[in-house]
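Let me begin by presenting the structure, written as structure tokens, before commenting on it.
The model shown is predicted, which means the values in this text are computed figures rather than measured ones.
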Amino acid sequence: MSLAFCGNENNSAAYNVEKGVLNNGCFVDALNVVPHVFLLFITFPILFIGWGSQSSKVHIHHSTWLHFPGHNLRWILTFILLFVLVCEIAEGIVSDGVSESRHLHLYMPAGMAFLAAITSVVYYHNIETSNFPKLLIALLFYWTLAFITKTIKFVKFCDNGVGFSQLRFCLTGLLVILYGMLLAVEINVIRVRRYVFFKTPKEVKPPEDLQDLGVRFLQPFVNLLSKGTYWWMNTFIKTAHKKPIDLKAIGKLPIAMRALTNYLRLNEAFEAQKNKRSPYPQGSKSIWCALCWAFGRPLVLSSTFRILADLLGFAGPLCISGIVHHVGKGNNTIRPQVGTISKKESLFFLANAYVLAVLLFFALLLQRTILQASYYVAIETGINLRGAIQTKIYNKIMQLSTSNMSMGEMTAGQICNLVAIDTNQLMWFFFLCPNLWAMPVQIIVGVLLLYYLLGISALIGAVVIIVLAPVQYFVATKLSQAQRSTLEYSNERLKKTNEMLRGIKLLKLYAWEHIFHSSVEETRQKEMTSLKAFALYTSISMQCEMFSLFTFVVHAHLTGNADFSPSVAFASLSLFHILVTPLFLLSSVLLDETSLHLRCFEGTLLVSSPFTMYFCLPAPAQPLKVVNRKRPAREDWNNYSSHMRRPVNITEGDDFCVKVILKVTLSNNLTMIVGQVGCGKSSLLLATLGEMQKTSGNVFWNRKRGSVAYASQKPWLLNATVEENIIFESSFNKQRYKAVIDACSLQPDIDILPHGDQTQIGERGINLSGGQRQRISVARALYQQTNVVFLDDPFSALDIHLSDHLMQEGILKMLREDKRTIILVTHKLQYLPHADWIITMKDGTIQREGTLKDIQKSESELFEHWKTLMNRQDQELEKETIIERKPVLERKNLRRTRYSREALLKDDEEDEEEITESDDDDNLSSVLHQRAKMPWRACGKYLSSAGILLLPLLVLSQLLKHTVMVAIDYWLAKWTSDEFNHSRYSRVFSILCCLGIILCLVTSIAVEWTGLKVAKKLHYCLLNKIILAPMRFFETTPLGSILNRFSADCNTIDQHIPATLECLSRSTLLCVSALAVISYVTPMFLIALLPLAIICYFIQKYFRVASRDLQQLDDSTQLPLLCHFSETVEGLTTIRAFRYESRFRQKLLEYTDSNNIASLFLTAANRWLEVRMEYIGACVVLIAAVTSITKSLYNQLSSGLVGLGLTYALMVSNYLNWMVRNLADMEIQLGAVKRINGLLKTEAENYEGLLSPSQIPQNWPARGEIQIQNLSVRYDSNLKPVLKHVSAHISPGQKIGICGRTGSGKSSFSLAFFRMVDTFEGRIIIDGIDIAKLPLQTLRSRLSIILQDPILFSGTIRFNLDPEKKCTDSMLWEALEIAQLKHVVKALPGGLDAIVTEGGENFSQGQRQLFCLARAFVRKTSIFIMDEATASIDMATVSSEFQVFFIWHMIFQRG
């Protein structure tokens, strides 16, 4: 066959130029080739020679990227131009006729134009990225020539009577418009940038973000093609495969996406709402208005993209209908002679099966690209919103009144839930918002197309959808209710678990493990009931798709012999698949919306501001709030003035918490505040700092209130190093730092820490003793260069030597000599002679004030009482001084056993894989290096936990379900290919549909119930292992790490893994069945499948590694954010006292941005995968369509099978990316099983004993005789002993005091009685029985101990005193009276049933210690151990306690 540009037939009209050269169509077509050849000739050397040698320079520094004016419009017009040129090529090929000679001029110019268009956009991109606009002059000439030549062709068409009725005329007209618009864009670039024809070109700098090479998230800055396909992520994904992704790799956020930028935008929206309406509307309505005002525009864009994508989605069913229809008719395409296609012929051209296949391919590419763009814009908006709201919440927390926390109105757990859960719910709700607007459009267009295909029978489908909508709404409502109750029970369970873990030492010492175990399990059972309801409704909600298939049965019976061809059936089937999607989304949107409405009360956190800092100069005062932590806020405050001496009258009353008249200048002196427990000493300090509510009175400062160095009674430490905790954001001064360390006697403690003062402390580090925490907190206050220092009971957790050293070297030498104002709250009365001013408090009022001499003269009785107590304390000091000091080295060796480096590591003799699977998963650096393969062991552990019954049911039901689904579609293909005997086909079809619905329900329930059974079993085993673990485990494992297993990991196993497993199995089996069906229909497809499968494999391989790292980075960056919120809540008073709010806000912004950049990269990676998988799916559709059409032309394939193959090809496009995404998600989620499995290997304490219950006397120990024989104990088998060869004999009724320096082994000695430490030599015999032979439960329940740190649980006072419910009310009141708490409890509403908030925060530190004393009295044991139990109690109360306790003990012995 010969080729010729104008054809080589004899007497061809193509060479006739009698009417003029321009009237010859072939010449005009040749003229149209000239501009394209010109562009290719001009740009070739620049592209492949000039940029080729500089490509490494051009692409490394993205700071040179700069978009020219009209950038996006140029790309859009170029894409449209390429599509129109493809249509012109196709039209030319079809118009070429059937002659032996081919007329190249019909399609060759369009082909050259196609190449030139691609070259133009590549050329433009290179010029733009190098910011060298002068080279754009070549494009200016090209668009001009192309516009002129195409206009000539269009004019000649008009002259020759070719009009809109012919396809080529329409295509030429479109090309003229497009070339003209591109020319206008080019002229606009010249006008704006002035790079030619102007004397002074305009210099433009790149955006600020691009000048910072630390910004690696380039989505806002790349060209439109790279934005749509996420091409810029290729380098990142490939790099991630070579080395782990860390925060350095993902860089910084662009300015527009940073938390501060979005917070300012949100704040501006709130202010706009505030100014718009008066009064300012409170509640959720105003919040929604502000959110829409600030972030509404991107949502509108996302919704527009979504609607366009949904409309393009209908191209699939329509093209399938056209292809199958014309395949059924033999694909007889009109083949005209050389010339143009008329209007009638155009319809046949557009209905050509091959043309429709290509159109379907382009429609899928465009639809998937726009859909992913919609997803990305919505998620990016949600992430920006989340950052803004988290910043808003943090600023709100900074203004919270202390009373909100102490009264339990707002707990740290609630705030963490608000930040971790609710903000994410809001983010995902914004992601689903575009679906709300797209769903009505999708349903209306879908129903109209069904009516077009099925006629009146389409109403049946519409009725099915209408009926299913309220059903889905009902199911969604029930789902939201189940989720709400699940969330409530989950929060309650976590609260109980948190308290259990924080008080685990007390639970073990008192043998109360079973009580709290039962309590947590009871709540867990309620949670599991809610989860079962959630699983059931989830299963019901997934059965909607199958019901629509009955429409075909009804259609066949109603219409009789009406058209029920394969084209109609499979197009309708595809439409039903599309229409089911909005129903699923409806439940998702409603679920999120309900969750948000549940938390509307927390949304008011964004608008109200109950706390204000009230510090005044001697000018008119602002109100100061002072709250009573045990009563409603009705207290009275009187004028507390730091510069006036005149008193102010007060109103007496019983409801006043703190009533103060202060008549002293607190300047450059040491003021001590003393008084009994609960008299208001700490409240006075807090009120001075403006941290409490007030009913009257004011606080004045001589000058503007600056930074105050404040050490709270309860030490507050950051999750940071020892050094960072001490310098506390101040500049480092080595000399001062060393002086502070020496003053607080911290050097010996620092020396024994694994990394010295660079050791991480707090939740992420090792646990420090109470004394160490207290001294670090005081060291922070001493280090600061502030004029005012507030110390709230700094000696409470210190022994006498440490207290004396701190007083002399720290307070008197460092602070007093610097002439700083010091206010010291203390119970150590021996330091009163050092005070310049003394304030004595009683029952919330100042009883006396003045110097010690003043009090001696005016209150001799009080002074004598003090003198007696001071003498007693001095005697204790002398006794301890007499004790021979151990060498420092020995002290270090003793205490090193508790904090040795080995103690911080797990000594599990496991293989390397098992070690990496265990408890280091919370560490960012180790997590990011675990990048290997699928965690098959964790998967096996998960599935094996399901049991031998559920697992086979799960596998079998999945296989049967998908087999039946394929059978239904195959039967539909057979049915529609047979024009007769509808009844037999419809009966079998109905049976298969019913079976499919049943199997879908069974499969869904099997998956959900398997997940629940595994979740129940793993949680029970985990709780059992943890609560029975030895105390050493809790000392070497951070509490936050254990709590994460019960919260995040259990939540993953409860709710995420079952859903992911179901989705993964469904998408995988659907893809496999679809590829099997296509291969069955057209075996030639297998040849093309191989390269696609290889590409798909490498894409998922690279994606899974990057996705896993990014997901773990997202989780890891969220932990510091949550810790920062938790730290801020706990240390709110300290932060505000130091005036460090701005520094902590800056840290918050850094943590939020780190979390958001990880989330954005994860989102971009997901879009990167989905776009590529969708494109592969589109290629599958194209190949399947072309091979099916080709095979059917030779009558080897029925039209029904063609429709079946194409329908399944569309399914591959939908489910391929879900398979890879769910595989990556499953990898990450199985990490939760891995971590829990690591904890399940923890060895439990040996609770069994050698003696049976019958061998142990009921009243043992009755006498309390103790014999200690050659006792040696250690904390772990690989550590040095802390007690060596100790022997002693304690007679019944004796009171023994154990003295020694810090770290000498006092606490270890007391713990040996409870077998809390490893006794490797010697024994303890109590009343003739070796305690090593007793069951642990029996031993610990027969002894009593009071720990140094007071521990109270949330609940009632009755529960805290007697959780075993063994005592009568009279016994409880008797114990409270002994502990001097009876009057306090009687004053509370409810008495013994009065509420105790989390940690006992509604009581003072001293009162909490007294409650612990009362708890021990209730047990009435003959052996009673106290471990510095009076640290937070004043000496007068201690004296009274010991007198009463002695009487109580003697009475009990005699009884």
Do the side-chain N and O atoms of Glu849 and Thr840 include a donor-acceptor pair separated by under 3.5 angstrom?
no

I'd like to know if the side chain of Asn725 and the backbone of Leu718 have a donor-acceptor N/O pair within less than 3.5 Å.
yes

Contact summary for Cys1412 and Ile1351, nearest pair of heavy atoms:
SG-N, 3.5 Å

Are any of the side-chain heavy atoms of Leu670 and Ile823 separated by less than 4.5 Å?
no

Closest non-hydrogen contact found for Met672 with Ala835 is CG-CB, 3.8 Å

Just so I know, are the side chains of Arg848 and Ile838 near enough to count as touching, which here means a heavy-atom distance under 4.5 Å?
no

Between Ser518 (side chain) and His514 (backbone), is there a donor-acceptor pair under 3.5 Å?
yes

Shortest non-hydrogen contact from Val520 to Met500?
CG2-SD, 4.4 Å

Within this structure, what is the CG-OG1 distance for the pair Leu684 and Thr845, rounded to the nearest 0.5 Å?
11.0 Å

Side-chain contact test, heavy atoms from C-beta onward, threshold under 4.5 Å: evaluate it for Trp512 versus Ser1341 and give yes or no.
no

Listed once per pair and sorted, the ring pair (Phe, Tyr, Trp, His ring centres under 6.0 Å) pairs that draw on residues 1345-1379, sequence neighbours left out
Phe516-Phe1353, Phe516-Phe1359

When rounded to the nearest 0.5 Å, the distance separating CG of Asp1393 from CG of Asp1369 is 8.0 Å

Test side-chain contact (heavy atoms from CB on, under 4.5 Å) on Leu746 and Val722; report intermediate values, then the result.
CA-CA 10 Å; Leu746 279 170; Val722 175; 5.6 Å; no

Restricting to non-hydrogen atoms, name the atom on Ser682 and the atom on Gln713 that form the minimum distance, rounded to 0.1 Å.
OG-OE1, 3.5 Å

Give a yes or no answer on whether the side chain of Arg1340 reaches the backbone of Phe1314 with a donor-acceptor pair at less than 3.5 Å.
yes

Under the salt bridge (charged side-chain N to carboxylate O under 4.0 Å, His left out) criterion, do Glu492 and Lys496 qualify, and how do the steps go?
CA-CA 6 Å; Glu492 185 182 348; Lys496 289 182 177 180; 3.6 Å; yes

Any donor-acceptor pair under 3.5 Å linking the side chain of Tyr710 with the backbone of Leu689?
no

Dump the intermediate steps for salt bridge (charged side-chain N to carboxylate O under 4.0 Å, His left out) on Asp1362 and Arg1415, then the final yes or no.
CA-CA 7 Å; Asp1362 180 31; Arg1415 178 196 288 150; over 6 Å; no

Report yes if the side chains of Leu824 and Phe795 come closer than 4.5 Å at any heavy-atom pair, otherwise no.
yes

With sequence neighbours excluded, residues passing ring pair (Phe, Tyr, Trp, His ring centres under 6.0 Å) with Phe1138
Phe728, Tyr1140

Does the pair Val708 and Val789 meet the rule for a side-chain contact (heavy atoms from CB on, under 4.5 Å), with working shown?
CA-CA 6 Å; Val708 174; Val789 180; over 6 Å; no

Side chain proximity check, Ile1324 to Phe1313, heavy atoms < 4.5 angstrom
yes

Distance-only, no hydrogens or angles: does the Arg773 side chain make a donor-acceptor pair with backbone N or O of Trp716 under 3.5 Å?
no

State, yes or no, whether a side-chain contact exists between Thr497 and Ile1026 at a heavy-atom distance under 4.5 Å.
no

Please set out all donor-acceptor pairs under 3.5 angstrom arising from side-chain atoms of residues 1382-1390, sequence neighbours excluded.
none

If you count every heavy atom of other residues, nucleotides or ligands that lies below 6.0 Å from Lys714 atom NZ, does the total exceed 12?
no

So which atom in Lys505 and which in Leu1311 form the shortest heavy-atom distance, rounded to 0.1 Å?
CE-CD2, 3.9 Å

Shortest non-hydrogen contact from Cys1367 to Leu1372?
CB-CD2, 4.1 Å

Asp792 and Lys681: side-chain contact (heavy atoms from CB on, under 4.5 Å), yes or no, with the steps?
CA-CA 8 Å; Asp792 191 355; Lys681 302 183 297 297; 5.7 Å; no

Do Leu806 and Cys744 touch side chain to side chain, with heavy atoms closer than 4.5 Å?
yes

Rounded to the nearest 0.5 Å, what separation is found between the CD1 atom of Ile1290 and the CD1 atom of Ile1423?
8.0 Å

